[in-house]
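First listed ligand is number 1; within each ligand, the first listed atom is number 1. FYI, the numbering just counts along the sequence from 1. All of these numbers come straight from a predicted model, not from anything done at the bench.
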Amino acid sequence: MGTNAQTMAWILDEYSKFHGHLPAVMTRKPIDLGGSLGREAATGRGVIYATEPLFAEYGKSIKDLTFAIQGFGNVGSWAAMLIHERGGKVIAASGITGAVKNPNGIDIPTLLNQGSNGELENILMV
Ligand SMILES: NC(=O)C1=CN([C@@H]2O[C@H](COP(=O)(O)OP(=O)(O)OC[C@H]3O[C@@H](n4cnc5c(N)ncnc54)[C@H](OP(=O)(O)O)[C@@H]3O)[C@@H](O)[C@H]2O)C=CC1
Ligand SMILES: O=C(O)CCC(=O)C(=O)O
């Protein structure tokens with residue numbers, strides 16, 4: 001947690017100083033350093049791929065449901081975006097220093113554009 005592609009690039013760089021450049025070291029590297037296409041979204045996408053069949057077992061689909069995202073970081077924000085794209089309603093999202101709620105549904109693309117890194121600090125949307 002609290003890391004991103006830049007962090008992985010730094011770790012790869014440190015590793016390379018001692019062992020030479022090995023592109024297999026670290027996942028979530030920037031793509032131009034050998035990172036995998038789709039990696040940034042992959043875990044949030046996995047959340048959605050895993051929960052869709054679970055909901056189906058109960059006769060539900062994402063578009064019928066409301067969601068609260070506790071931890072709007074890499075995984076949570078991608079999961080929120082994919083819920084939004086499928087017509088589901090994200091009504092709350094939180095980080096360490098802030099939270100937003102909107103019982104009518106938060107516009108996730110707008111929320112993602114509000115913080116420089118998607119942070120929720122000082123954002124209040126009711
Ligand atoms: N990213 C990945 O591919 C994978 C992640 N995971 C796991 O998923 C979880 C989330 O990872 P990821 O999204 O990458 O992490 P991020 O660091 O990108 O996001 C973490 C989120 O949790 C919030 N948070 C952190 N600490 C607290 C706290 N004490 N109280 C409330 N909120 C908190 C952060 O708030 P704020 O936004 O304010 O910083 C942020 O919204 C972790 O447990 C990670 O190990 C597992 C497999 C793969
Ligand atoms: O990038 C990966 O393959 C795994 C990442 C992971 O498990 C994590 O970030 O906690």
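- If you check each of Met1, Arg39, Arg28 against atom 5 (C) of ligand 2, the one with the closest non-hydrogen atom is Arg39.
- By heavy-atom distance, the residue among Val47, Thr3, Asn74, Ile69 lying nearest atom 1 (N) of ligand 1 is Asn74.
- Residues Phe55 and Ile62 form a side-chain contact, since some pair of their non-hydrogen atoms from C-beta on lies under 4.5 Å apart.
- Within a 4.0 Å radius of atom 10 (O) of ligand 2, the protein contributes no non-hydrogen atoms.
- At under 3.5 Å, a nitrogen or oxygen of Gly73, whether backbone or side chain, sits near a nitrogen or oxygen of ligand 1.
- Neither the backbone nor the side chain of Glu40 has any atom closer than 4.0 Å to an atom of ligand 1 (non-hydrogen atoms only).
- Interface atoms of ligand 1 facing Phe72, defined by a heavy-atom separation under 4.0 Å, are 41 (O).
- With ligand atoms numbered from 1 in the order given, ligand 1 contributes 2 (C), 3 (O) to contacts under 4.0 Å with heavy atoms of Arg39.
- Between atom 31 (C) of ligand 1 and the options Gly71, Ala93, Gly95, the minimum heavy-atom separation is to Gly95.
- Scanning Thr27, Asn4, Thr43 for the heavy atom closest to atom 2 (C) of ligand 1 points to Thr43.
- For atom 27 (C) of ligand 1, the candidate residues are Thr97, Thr7, Ile96; the nearest heavy-atom contact is made by Ile96.
- Against a heavy-atom cut-off of under 4.0 Å, Thr27 is close to the following atoms of ligand 2: 1 (O), 2 (C), 3 (O).
- Ile48 has its side chain within reach of Arg86: a pair of non-hydrogen atoms, C-beta onward, lies under 4.5 Å apart.
- By the criterion of side-chain heavy atoms lying less than 4.5 angstrom apart, applied directly or through intervening Ile, Leu, Val, Met, Phe, Trp or Tyr residues, Ile69 is grouped together with Leu65 in one hydrophobic cluster.
- When the options His19, Glu14, His21 are evaluated for a side chain to side chain donor-acceptor pair (under 3.5 Å) with Lys17, the one that passes is Glu14.
- Met81 places a side-chain heavy atom less than 4.5 Å from the side chain of Pro109.
- In this structure, the side chain of Arg28 engages the main chain of Thr3 through a donor-acceptor pair within 3.5 Å.
- With no hydrogens or angles considered, no side-chain donor-acceptor pair links Asp13 and Ser16 at under 3.5 Å.
- Each of the atoms 16 (P), 17 (O) of ligand 1 lies under 4.0 Å from some heavy atom of Gly2.
- For atom 1 (O) of ligand 2, the nearest protein heavy atom lies under 4.0 Å away.
- Heavy-atom separations between Gln70 and ligand 1 are all 4.0 Å or longer.
- Judged by distance alone, the side chains of Asn113 and Thr110 never bring a donor and an acceptor atom under 3.5 Å apart.
- Using a 4.5 Å heavy-atom cutoff, the side chains of Leu33 and Met26 are not in contact.
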